[in-house]
Amino acid sequence: MTSALLEQDVEATDADRDVRGGTSFWRYAGRKAGGAAFSLVMVVVLGFFAFRILPGDPTRSMTRGRIMSPEQLETLKRQFGLDEPLHTQFWIYLKNLPRLDFGESYVYRRPVSDLIAEHLGATLLLTGVSAAIAIALGLWIGQRAAWRRGSWFDRLNTGSALVLWSVPTFWLGLILLLVFGGMLHWLPTGGLKTAGTTATGIPLVWDVIRHMIMPVVTLVAVTYAQYLLVMRASLLEEMHADYLTTARAKGLREDLVRRRHAVPNALLPTVTLVFLHLGGLIAGAVTVEAIFSWPGLGYLTYAALSGPDLPLLQGTFVVFSSIVILMNLAADLLYRFLDPRVRAA
Amino acid sequence: MTSAPRSSSRATSATSARRRAAAGRVWREFRSSRSGLVGLVVLLVIVLLAILAPVLAPARLLDVTQIDNPINHPPTWSLPLGTDPSGRSVLVTLLWGARVSLLVGVVATLLSMVIGTVVGMAVGHYSGWGAAVLMRVVDFFLVLPSLVLAIVLSAVLARGVWTIILAIGVTSWASTARLVRSQTLTIESRPYIERAWALGAGHRTVIGRHVLPAVLPLVLANTTLTVGSAIIAESTLSFLGLGDTTKPSWGSMLKVALDSGAATGGFWWFVLPPGLAIVVVVLCFTLVGRALESVINPTLRGR
């Protein structure tokens, strides 16, 4: 089905090949889980060594711009366990990892795990809603554009997708802030809800929605374009398939040929890519949350940078990366269920 | 595709003549893509402006102590894009910012292409557990949110243009590696590789003489596409305050805009130009990249 070219073009994963190999589901799942486990171990190791081995004393960057006495530096070193030998530090780090204990934030003076737990919900809400809208929009426009390739609808949408793909997320956010916050004063400029609000129930939901509009629009605008292009490309691959001719010969309406026959097949390579691009959405969340002061993990990362608050940064890095890796594993497994050729086997 | 050149100078010159002819063909086909050509021309103009920045606008115009413009001033005839919160002309800063943004974008991409091509060819060519482990590493970098890792790297290392280049370069090579790997596998399944092996070619000959030349056109198209995302990554890192604070870039201009409340204050002349500049440059690289891609890979035409 997928030619080698499309595979290269859209960087499809190994999943395509595995499917045709006809291996059993459990062996496939085991291999994918093994890959994910390897990635998680890499994240954990990188999360430790990136903050220790790289040139520069962590305490020095921690105290960048501040004047500290040697005694204070010593205390700081002991407090973060930096006076221990490296392998002991690594062992302590591993021992604390299952409890997601990354130590105490340097800026907030609170355990990093508490901070992450507090901010995780806001990020999941923002990225979840944005991803759902972006995927629905991208896939729908993408298949329409491919079906009527070369029409004004196709050219308009592919063109604007290319332009939006070139737009830096944070700039689009700034523009929205400029127009709707700074000039028209239609929408709140930051936060998850109005500060000090006592509203509950429906008014609270409405307040949160109003705060969400700009961040969500920003994230959707920069991500739906790639879903659109991928969907369009994979449907174009299907356009001249024999089974479509058969479907038409049966006398099916064009609409049904597209919906029932072409699209389901084109969806297969798209699904994995959608999940593969979730990493991009997470990256977008960092800047969007910084601009709109959305109290999520991205905002926490941004706050950690100004310190720089290394324990906090380490925590958000490990959590962000783990989420993306697990989502990706989910996509790989889902792929096997979606492919009818495998289900039948 | 090149066949194994015989070891005489006549054959070598024939090879180079054929390569020249191939390059001419690529250019002729590239020329036929209007959007690619437009992208190329606009890019050349921007690169020229960036190179000429010191001539067009002397560096002292960036020195806050040597200028006396009003701050946050809307555009006028003498200051076509107004001024920023420290009184610098936005147009001058934009011009100088182009140098950093383009430099970082291009050099980081080159770094990423070199890593990606070497790793991709290694994983595609060799088999065994070493290659298998390397492939896992590629998968890891492919899945990982590269910007988050780039943020970590540039936060931990000393601030500067080279840190940003390194951070983008070492986090963005995985998709190139994947592309090169599948191309390597395709090439190596062809009969002429078997012939080369039979004639006693070693790994070096097969990779250097056969695989590399066949992989390079693809890498070239991929390079132009990647420069765009590298420029966006640079501006994002600078925007987060991780760039070189002594040199203005388009990203750091937007950071100043956010920090000084230019967006909520309605100072459009300071928010729009840096972003538009990024969009135009990235779009041009994308157009050129897609045009190149469809020359190299005709089945992609019309995408």
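Below, chains carry the letters A, B, ... as their sequence lines are ordered, and counting in each starts from 1.
Partner B:Val211 forms a side chain to side chain contact (heavy atoms under 4.5 Å, CB included) with one of B:Leu216, B:Val180, B:Leu185, B:Thr184 and no other, that one being B:Thr184.
The candidate from A:Gly298, A:Ala145, A:Gly35, A:Pro168 with the greatest count of non-hydrogen atom pairs under 4.5 Å with chain B is A:Pro168. When the candidates A:Val286, A:Ile291, A:Ile325 are compared by the number of heavy-atom contacts under 4.5 Å with chain B, A:Ile291 comes out ahead. The candidate with the highest count of non-hydrogen atom pairs below 4.5 Å against chain A, out of B:Ile232, B:Ile231, B:Ile151, B:Val133, is B:Ile232. Between chain B and the options A:Thr169, A:Val167, A:Thr301, the largest number of non-hydrogen pairs under 4.5 Å is found for A:Val167.
The heavy-atom pair separating B:Val215 from B:Gln183 by the smallest distance is CG2-CG, 3.8 Å. Here the closest non-hydrogen pair linking B:Ser249 and B:Glu234 is OG-OE2, 3.1 Å. Residues B:Ile115 and B:Gly169 approach most closely at CD1-O, 4.1 Å, considering heavy atoms.
At a 4.5 Å heavy-atom cutoff, A:Ile323 makes no contact with chain B through either its backbone or its side chain. With a threshold of 4.5 angstrom between heavy atoms, B:Val137 approaches chain A through its backbone and through its side chain. Proximity to chain A (any heavy atom under 4.5 Å) is restricted, for B:Thr286, to the side chain, taken from C-beta onward. Interface residue A:Phe38: only side-chain heavy atoms are found under 4.5 Å from chain B. Residue contact with chain A, scored on non-hydrogen atoms closer than 4.5 Å, involves the side chain of B:Leu242 exclusively.
For the atom pair CD1 of B:Ile278 and OG of A:Ser166, the computed distance is 11.0 Å after rounding to the nearest 0.5 Å. The OG atom of B:Ser229 sits 11.5 Å away from the CG atom of B:Leu147 when rounded to the nearest 0.5 Å.
Aromatic ring pairs are classed by plane angle as parallel below 30°, tilted from 30° to 60° and perpendicular above 60°; the pair A:Phe170 and B:Phe239 is parallel.
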